[in-house]
There are 2 protein chains.
Amino acid sequence: MTGKPGKVTQREIARIAGVSQTTVSMVLNDRDGSNIRIPDATRERVRRAIEQSTYVADPAARRLAGLDNKILGVFTYESALSPESMDFYGPLLNGIERAAESLGCDLLFFTSSPVEEGRRRLFHRNTRLRLADGCVLLGQQMDGEDLERLVAESFPFVAVGRRDETDAPVPYVGIDYGALTGRLLDRAAELGHEKVLYLHRDLNSPTARDRLAAIGRAPGALAVAPFIVGDDLSDLPQVVARSGATAVFAEDAFLVEDAALVLADPSLSLAALAEVRGHRIGGRTLSGFHTPRQQVAAEALALLQQLISTPAEEHGGIEIQRLLQGEVALGETLILRGGTR
Amino acid sequence: MTGKPGKVTQREIARIAGVSQTTVSMVLNDRDGSNIRIPDATRERVRRAIEQSTYVADPAARRLAGLDNKILGVFTYESALSPESMDFYGPLLNGIERAAESLGCDLLFFTSSPVEEGRRRLFHRNTRLRLADGCVLLGQQMDGEDLERLVAESFPFVAVGRRDETDAPVPYVGIDYGALTGRLLDRAAELGHEKVLYLHRDLNSPTARDRLAAIGRAPGALAVAPFIVGDDLSDLPQVVARSGATAVFAEDAFLVEDAALVLADPSLSLAALAEVRGHRIGGRTLSGFHTPRQQVAAEALALLQQLISTPAEEHGGIEIQRLLQGEVALGETLILRGGTR
DNA sequence: CCGCGCTGCTAATGCGCATTATCGAGATCG
DNA sequence: CGATCTCGATAATGCGCATTAGCAGCGCGG
């Protein structure tokens, strides 16, 4: 179904130019050397034949013949283009698109991956993964097996977001939430807070662990109590009151919003240990982080390209795990202890 | 660079299962018939060998061997994933993603297409177009040559948005702006308006022409005067005053917003002859259309799939130009002539 | 016991491309 | 004037898969 009628091959070009298919290939790829010599006259003749026709190289054939295809795979563990996930994926996808554009690569989205147990599977009977030169993986949580297998097959890939769920070192580009969390806690201490409640879901992702670890390293003057929340936040006010916390932090901006609705106490400081762009609490800009997502995406593609174009033996020389620094966004919800600013 | 080490081929499977590569292929594709007979015992043996291994078919080879690849191309004449274009492309991309998912297809974004004269080129030296079974084209304006060539090469494709810039019939799925315009004008007439000013850019797109044509067929009681605007709207108030119009319509919601800022007259009715979701004018919901963009995308993919899976000779039996009906959104800016509602 | 049909499988081929190994013809040299 | 070298180009091969043609073996009827 490759549109038989309009299909022009190198053979056809060769016939027109009165040369062999080999010669056409040579001309197209600008090959030259001691063994391959084509005078400019012939080159020109072939070139004209190509320009007269509608020839385009068949990427499948190129690929089969062992060349790179300038195609990068994009795999998302959740639907990437839905309005809900745009908030998270949008900046990443934008960064990926721009990076791919400047690298001259096309992007293959693996939308066909069948959903099993609520999550997309990267490997399946008819995965088109191999069509890509390499692949970017996106998603809050990833499948350890997928990652293992990619490493085992030495297929070039880069995860977006820090990963530590496998034994083998997984290439990733992420944001240093640990450092950000530390800086935000420092700031809270400066503002006089001594007790903070940290709300989080029971998610076991690497970044969730990073945040918790950073919390464990909180400055001495600050006591941060982690608290796992479920869907029902109705008893949160009691928990806060009992803890004596003067600030409530949460894993992400949505959780802060939910908590704020229940708590309804403007003297309480609030912050999300995550991106807060576009989030407001009762008219006040939410405190938290600004994370360079486009930059993460760009860096991920750069790393991927590097992995692809470097022979596997030399991968030792590449820094395959990269954390980018974000910045603490001091919004209007993180205030002096007890004060209203 | 296809990850030599981890690559498992049918040959390898055949060796393990003690059969020929042909047999493996047959088992994988569930082929059976008078000429091809494989007892269940053998089938099972092959299947086990496959499951034990990490075999995945090489899509490039499949493609080269003449099969469909379940890959649909997505070509956008502008950057698709940037924040600015998300407003327009977002719903379309979402619809495309969902449709592709249910069709079991992957999506190939041609982000690599070089930009010439401000527009992306579909055809270029290394286009990966042919890797896809077919292609969806997105963009406000398209290149007539691209369309002609796709038709000429009988490459399956569908344009999103009505097209008429070529002689050959181009497959498209669009929104019936003509009908919508007609209905909105009827409504304006009912509300007592007799003179309307229609602001538009000097864009020569099919939908722009459709709107103008529908305006030409306005009900007798209503006189609609088209007016081409540039970037500077400062003399608009005079134009409106001189025309005696009691309502100002415009090509799109942004143009209405710009005009409203300049005109600043709440007794003037306003409407966009386009999607108005998310647009407000001075706190009032803007009147205009609600267009089923996800549906357009889904329909486009359905048509594309149909074109791909139907032999070209039978394309005559397919309705390749489809207009979907939107609905008029009667917002708060289209009011009784002279009244404030 | 010879042919015939059926079963179960495989060898051979081609898809379009890149690459390797040659090859014929003329130029150069000894 | 035969041996060698260079130039210009090509035939042959393989990539991994699907497909077509065909082959060996066996049972069965005549």
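Here is the naming used below: chain letters follow the sequence lines, and residue numbers restart at 1 for every chain. Side chains are part of it too, since the values below use all heavy atoms of this structure and drop only hydrogens, waters and symmetry mates. Quick caveat: nothing in here was measured; it's all calculated off a predicted structure.
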Do [X] and [Y] sit within salt-bridge range, that is, some charged N less than 4.0 Å from a carboxylate O?
{"X": "Asp68(B)", "Y": "Lys70(B)", "value": "no"}
{"X": "Asp58(A)", "Y": "Arg130(B)", "value": "no"}
{"X": "Glu12(B)", "Y": "Arg15(B)", "value": "yes"}
{"X": "Arg48(A)", "Y": "Glu51(A)", "value": "no"}

Self-check item: Check: Tyr89(B)/Asn94(B) side-chain N/O donor and acceptor closer than 3.5 Å
Solution: no
Quiz item: Does the side chain of Ser82(A) come under 3.5 Å of the side chain of Glu97(B) through a donor N or O and an acceptor N or O?
Solution: no
Quiz item: Does Asp106(B) use its side chain to pair, donor to acceptor, with the backbone of Thr111(A) at less than 3.5 Å?
Solution: yes
Measure all distances between protein nitrogen or oxygen atoms and nitrogen or oxygen atoms of nucleotides 5-8 of chain D, and list the pairs falling under 3.5 Å.
unit_1 : atom_1 : unit_2   : atom_2 : d
dG8(D) : N7     : Arg37(A) : NH2    : 3.2

Expected rows: protein N/O vs nucleotides 17-19 of chain C N/O, under 3.5 Å:
unit_1  : atom_1 : unit_2   : atom_2 : d
dC17(C) : OP1    : Tyr55(A) : OH     : 2.7
dC17(C) : OP1    : Asp58(A) : N      : 3.3
dC17(C) : OP2    : Gln10(A) : N      : 2.7
dA18(C) : OP1    : Asn29(A) : OD1    : 3.3
dA18(C) : OP1    : Asn29(A) : ND2    : 3.1
dA18(C) : OP1    : Arg62(A) : NH1    : 2.9
dA18(C) : OP2    : Gln10(A) : NE2    : 2.7
dA18(C) : OP2    : Ser25(A) : OG     : 2.8
dA18(C) : N7     : Gln21(A) : NE2    : 3.2
dA18(C) : N6     : Gln21(A) : OE1    : 3.4
dT19(C) : OP2    : Arg31(A) : NH1    : 3.1
dT19(C) : O4     : Thr22(A) : OG1    : 3.2

Practice problem: Sorted by first residue and then second, give each ring pair (Phe, Tyr, Trp, His ring centres under 6.0 Å) pair with at least one member in residues 95-141 of chain B; sequence neighbours left out. | Solution: Phe109(A)-Phe109(B)
Quiz item: How would you list, by chain and number, every residue that makes a side chain to side chain contact (heavy atoms under 4.5 Å, CB included) with Arg47(A), sequence neighbours excluded?
Solution: Val27(A), Asp30(A), Arg43(A), Glu44(A)
Self-check item: Glu299(A): side chain to side chain contact (heavy atoms under 4.5 Å, CB included) partners, not counting sequence neighbours
Solution: Val173(A), Arg322(A), Leu324(A)
In this structure, how many angstroms lie between the [atom2] atom of [N] and the [atom1] atom of [X], rounded?
{"X": "Arg15(B)", "N": "dT10(C)", "atom1": "CZ", "atom2": "P", "result": "15 Å"}
{"X": "Asp30(B)", "N": "dT19(D)", "atom1": "CG", "atom2": "P", "result": "12 Å"}
{"X": "Arg128(B)", "N": "dG16(C)", "atom1": "CZ", "atom2": "C1'", "result": "16 Å"}
{"X": "Leu64(B)", "N": "dG14(C)", "atom1": "CG", "atom2": "P", "result": "13 Å"}
{"X": "Leu131(B)", "N": "dG16(C)", "atom1": "CG", "atom2": "C1'", "result": "13 Å"}

Exercise. Tell me whether the OP1 or OP2 atom of dT10(C) has a side-chain N or O from Thr23(B) closer than 4.0 Å.
Key: yes
Exercise. Report the distance from atom OG of Ser205(A) to atom CD of Gln141(A), rounding to the nearest 0.5 Å.
Key: 6.5 Å
Self-check item: the helix from dC1(C)-dG30(D) to dG30(C)-dC1(D): angle between end helix axes, five pairs per end, rounded to 10 degrees
Solution: 80°
